[in-house]
Protein chains: 2
Amino acid sequence: MNYSQAMIRSEILKALAHPARVLIVHALTGGDRCVRELNALMNIDQSNISRHLAVLKRAGIIADRRDGMRVFYHLKAPCILKALKCAVEVMKNDASSRNILLQER
Amino acid sequence: MNYSQAMIRSEILKALAHPARVLIVHALTGGDRCVRELNALMNIDQSNISRHLAVLKRAGIIADRRDGMRVFYHLKAPCILKALKCAVEVMKNDASSRNILLQER
DNA sequence: GCACTATATGCGCATAAGCACATAAGGTCA
DNA sequence: TGACCTTATGTGCTTATGCGCATATAGTGC
């Protein structure tokens, strides 16, 4: 694998690497959601939700569809769930160092 | 899922979200490697390799083992490969927007 | 047109991440 | 011990991210 391939992969991972975006992706596994619904679901400023959605869209992870005033978002790449599950596995396999990590921030 | 769970997951994803670290993980799928070998493999300053390794170790993705002067690193969580494969799938499913992404930087 | 709802974006600021360079720390072997 | 090899870390700097706030853009319906 060369560096530019690695760059593309890291772009996608980077798009997922934010707690709010993890929450958004998780919420979208339950079906399409519009910005307002996501906003109600988590305690984050609407403008930031929009920005996080833009990041995920830009990475090709989600897509949008307008319906009247609202814009609904849905997952484009179901494999994303595997990536998130992987994170959970790492967490389980490594409870001790994880605690350290949590302590330090 | 709550915010702190999402934070833990995002920490792990963040650890993977850098081209150099993607390359490192990829290299480690071929077996243990010491810092010098990784350094020879990719064209990155040794001090940065060490730092990237520290990030991955801190996230519980890799572990190290000293052998004489050298420190060998190995993958701790094989599921990481699924996360990387996912990135590839997104890339394939979304070649067009990916091109845009590449153009813009 | 106007008022209203929903979503996106511009801007300034604070903080985090990444880098290159120098150097410290840990280990080997003559 | 001293010369050497390998890996980690301190420092200063630049750039990227994320945030809140205000405001723009888009659509609906009176």
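Chain naming here is simple, since letters A, B, ... match the order of the sequence lines and numbering starts at 1 in each. What you are looking at is a predicted structure, and each value in this text was computed from that prediction instead of being measured.
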Between [N] ([atom2]) and [X] ([atom1]): distance, integer Å:
X     : N      : atom1 : atom2 : value
A/L23 : D/dG18 : CG    : C1'   : 16 Å
A/L38 : C/dT7  : CG    : P     : 9 Å
A/R58 : C/dA8  : CZ    : P     : 15 Å
A/L56 : D/dG18 : CG    : P     : 11 Å
B/R36 : C/dT28 : CZ    : P     : 16 Å
B/I44 : D/dA8  : CD1   : P     : 15 Å
A/F72 : C/dT5  : CZ    : P     : 17 Å
A/D64 : C/dT9  : CG    : C1'   : 15 Å

Quiz prompt | Spacing of A/C86 atom SG and B/I12 atom CD1 [to the nearest 0.5 Å] | solution =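 Result: 7.0 Å between the selected atoms.
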
Quiz prompt | From B/K85 atom NZ to B/C79 atom SG, the distance as rounded to the nearest 0.5 Å | solution =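 Going from NZ on B/K85 over to SG on B/C79, the span is 12.5 Å.
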
Using only side-chain N and O atoms of [X], determine if any of them is under 4.0 Å from OP1 or OP2 of [N].
X     : N      : answer
A/H52 : D/dC19 : yes
A/K14 : D/dA16 : no
B/R21 : C/dG18 : yes
B/H18 : C/dA16 : no
B/N48 : C/dG18 : no
B/R70 : D/dT6  : no

Quiz item: Once each nucleotide of nucleotides 23-30 of chain D is scored for protein heavy atoms under 4.0 Å, what B/S/- sequence comes out, 5' to 3'?
Solution: ----BS--

Quiz prompt | Residues A/N2, A/Q5; criterion side-chain contact (heavy atoms from CB on, under 4.5 Å); working and verdict | solution = CA-CA 6 Å; A/N2 61 34; A/Q5 282 179 295; 3.3 Å; yes

Quiz item: Can you name the closest pair of heavy atoms from B/A15 and B/I61 and give their distance?
Solution: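 That would be CB-CD1, 3.8 Å.
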
Quiz prompt | Same apolar cluster (I L V M F W Y, side chains within < 4.5 Å links), A/I62/A/I44 | solution =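 Yes, same cluster.
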
Exercise. Select base, sugar-phosphate, or nothing to describe what A/Y73 touches, counting heavy atoms under 4.0 Å on all strands.
Key: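 Since only primed, P, OP1 and OP2 atoms lie under 4.0 Å of A/Y73, the category is sugar-phosphate.
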
Quiz item: Would you find a donor on one side and an acceptor on the other, under 3.5 Å apart, between the side chain of A/R36 and the backbone of A/L38?
Solution: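 Pair absent, no side-chain N/O of A/R36 close to backbone of A/L38.
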
Exercise. Report yes if the side chains of A/I24 and A/M42 come closer than 4.5 Å at any heavy-atom pair, otherwise no.
Key: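 SC-SC contact between A/I24 and A/M42 confirmed.
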
Self-check item: Contact nearer the 5' end of DNA chain D, comparing A/D45 with B/R51
Solution: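 Nearest nucleotide further toward 5': that of B/R51.
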
Practice problem: Please evaluate the base of C/dC19 for a donor-acceptor partner in the side chain of B/S47 within a cut-off of under 3.5 Å? | Solution: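 Between C/dC19 and B/S47, which were checked side chain against base, a qualifying N/O pair under 3.5 Å is absent.
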
